[in-house]
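Note that the structure is predicted; figures quoted are calculated from it, not measured. So that the names make sense, note that chain A is the first sequence line, chain B the second, and so on, each numbered from 1.
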2 protein chains.
Amino acid sequence: MLAAARDLLTHRGLQALTMRALAERLDVAPNTLYSHVANKTALIDDLLDEVLAEVQAPTPDIEDPTVGLHQLMASAYDVLLVHPDLVPVYLARQGARGPHAQRLGDITIALLRRAGVVEPAAAEALRVLIIYTIGSAAFASRPPLATGTEHRLNPDESAANFANGLRWLLAGIVQDPTQVRR
Amino acid sequence: MLAAARDLLTHRGLQALTMRALAERLDVAPNTLYSHVANKTALIDDLLDEVLAEVQAPTPDIEDPTVGLHQLMASAYDVLLVHPDLVPVYLARQGARGPHAQRLGDITIALLRRAGVVEPAAAEALRVLIIYTIGSAAFASRPPLATGTEHRLNPDESAANFANGLRWLLAGIVQDPTQVRR
DNA sequence: CAACAGAGCTGGACGATGTCCAATATGTGG
DNA sequence: CCACATATTGGACATCGTCCAGCTCTGTTG
C-alpha cells in the first residue's frame, strides 16, 4: 500500500494521490484503506519517513567531518528531488518524525560534534541545515521564484547553487559556531 | 476582500480560509467572489504579495551592507511569523512573484553587490537567503521537527537560531563568494 | 426624468474529496 | 462443519472549489 502510494505520487503527482485513486490502484474500495491506515495524514507521514531511508549517510568515522556533513546533506537533497511532490509536504509538516529521520539527525549531530560544534550550537546547526536542505529542494523542485533575475535554473544549476550555499553555511558554522563575528 | 481574507487567515487559520467562509464574512454569496477574483489561487497570490509590503528594508546606503542584509532578512522573518499560516503557502508557491517581492529582491541584490558579491554569485546568494529565511519561518511557525533533540524551541529561541544561521550564512557568502575553501 | 447597459449578485448545481457506519464476505481455529 | 474475528464493501455525509444562467440594482445618457 505504501508502495502503491509512492508509485502514484511519483507518476501522477501529489494532487493525484487521493484515497480513491490509491484504492483503485489496489483494486479495492476506498473505505478499505481505513482498515490499514488511520488517516491520509498518517499515510503521508509514513511515506515521508520511508523516503528518508534512501539517504546515504557517510561512515561515521569519515576523516573530515565537514565533508561528511556536506555528503549527507547533498544526499538528502538528491533524495528529496527524486520525489519533488513530497517536498512541499515535508515543509508543511516541518520535516519527518519517523525512525529514519531520527537516525539522520543523530548522525548529523555526531558529525557536527567531531567538527568542533558542541552542544548548544549543534542543535541549532542541525536545524539550520535541515531548513536549508529541504528549503533548497523545495525551490529546486518546482517553478522559479521571484528573484530579481528572470533566469530559471536548470537542475544542474540548482544543485550547484545548493552546494554553494551549503558550503557557505558549513564554513560559517564550523569556523565560528558561537561567537558573534566582527 | 483581501483584508477580509487576511483577517480570516490570521484569526481562524489557513484551513478556515475557504471561499464560502470568506463570502459569509463579506455577507455575500460564495459565487460573488468569482466576480472579483479568478481563483482561490489568485486570491492567495495577492495575499502573499500584500504581506511582503510590511517588510522593512534598510536605507540602500547603509554603511555596512552585511548589516543591511541581516536587517532585511530579519524583518522578512518577522513579517512571515506574523502570518504563520501563510508560510507553508509561500513554500508551496516557492515565494511570491508580485511587485513587493520584486522590490525586496532588487534591494537584496544591491546590498550584496556593495558587500563585494558580484553577479553570478549574487543571484545564487539571493536564492540561498530567500530559501533560508522562508524555511526558517516555516520551522519556527509550527510544530517542532524531528531533530535528535526533543527540545521544542520557543519563539525567542527560534529567532536566535535564525539569527545565528543567518550570521553563519552571510559570513560564508561575503567572505568567499566564489572560491572553494580549504 | 425615463430607459437602458452593464456590473454586481444570487440560487442552484456539479464533481471531487476525506471519512464514517452498518452490513457483508472471507478465512481460520475448534 | 460451524462460530467467530478480520477484511472488505455499499452507500452515504459534509465540505470544498467552481460554474452557468438569470436577476437586481446603479449610474449614465438622451
Side-chain angles (χ1 to χ4, degrees), chain A residues 1-51 83-98 141-143, chain B residues 1-51 83-98 141-143:
Chain A
M1 167 166 176
L2 271 184
R6 238 173 112 171
D7 210 58
L8 244 179
L9 200 95
T10 305
H11 292 61
R12 307 266 196 292
L14 176 63
Q15 132 246 10
L17 176 50
T18 169
M19 296 305 262
R20 283 172 163 86
L22 181 55
E24 187 180 3
R25 188 182 205 81
L26 294 170
D27 276 318
V28 147
N31 322 341
T32 303
L33 303 179
Y34 288 87
S35 300
H36 302 343
V37 165
N39 274 336
K40 187 180 184 183
T41 298
L43 199 177
I44 292 189
D45 279 340
D46 289 349
L47 260 193
L48 293 187
D49 199 66
E50 201 197 41
V51 165
H83 311 275
D85 284 292
L86 272 188
V87 175
V89 188
Y90 276 103
L91 286 161
R93 296 255 209 298
Q94 334 272 336
R97 253 144 286 230
S141 63
R142 288 278 171 153
Chain B
M1 166 168 177
L2 271 184
R6 239 174 110 172
D7 210 58
L8 245 178
L9 199 94
T10 306
H11 293 62
R12 307 268 197 290
L14 176 63
Q15 133 246 11
L17 176 50
T18 169
M19 295 304 263
R20 284 174 162 85
L22 180 56
E24 187 179 4
R25 189 184 204 79
L26 294 169
D27 276 317
V28 148
N31 323 340
T32 304
L33 303 179
Y34 289 87
S35 300
H36 302 330
V37 166
N39 275 336
K40 188 181 183 182
T41 298
L43 198 178
I44 292 189
D45 278 340
D46 290 348
L47 259 194
L48 292 188
D49 200 67
E50 200 197 42
V51 165
H83 312 274
D85 284 292
L86 272 187
V87 175
V89 188
Y90 276 103
L91 287 161
R93 296 257 208 297
Q94 335 272 334
R97 251 144 289 230
S141 63
R142 288 276 172 153

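Considering only side-chain N and O atoms, Thr32(A) lies under 4.0 angstrom from the phosphate OP1 or OP2 of dT9(D). The shortest distance between the side-chain N/O atoms of His36(B) and the OP1/OP2 oxygens of dA7(C) is not below 4.0 Å.
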How would nucleotides 11-25 of chain D be written as a contact map, 5' to 3', with B for base contact, S for sugar-phosphate-only contact and - for no contact, using protein heavy atoms under 4.0 Å? BB---BBBB------
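At least one side-chain heavy atom of Thr10(A) sits less than 4.5 Å from a side-chain heavy atom of His83(A). Val51(B) has its side chain within reach of Arg6(B): a pair of non-hydrogen atoms, C-beta onward, lies under 4.5 Å apart.
With values rounded to the nearest 0.5 angstrom, Met1(B) atom CE is found 8.5 Å from Asp46(B) atom CG. The distance from the NZ atom of Lys40(A) to the CG atom of Leu47(A) is 10.5 Å, given to the nearest 0.5 Å.
Between the CD atom of Glu24(A) and the C1' atom of dT8(D) there is a distance of 17 Å, rounded to whole Å.
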Which side-chain N or O atoms in residues 14-35 of chain A pair as donor and acceptor under 3.5 Å with protein atoms at least two apart or in another chain?
unit_1, atom_1, unit_2, atom_2, d
Arg25(A), NH2, Asp7(A), OD2, 2.6
Thr32(A), OG1, Ala29(A), O, 3.2

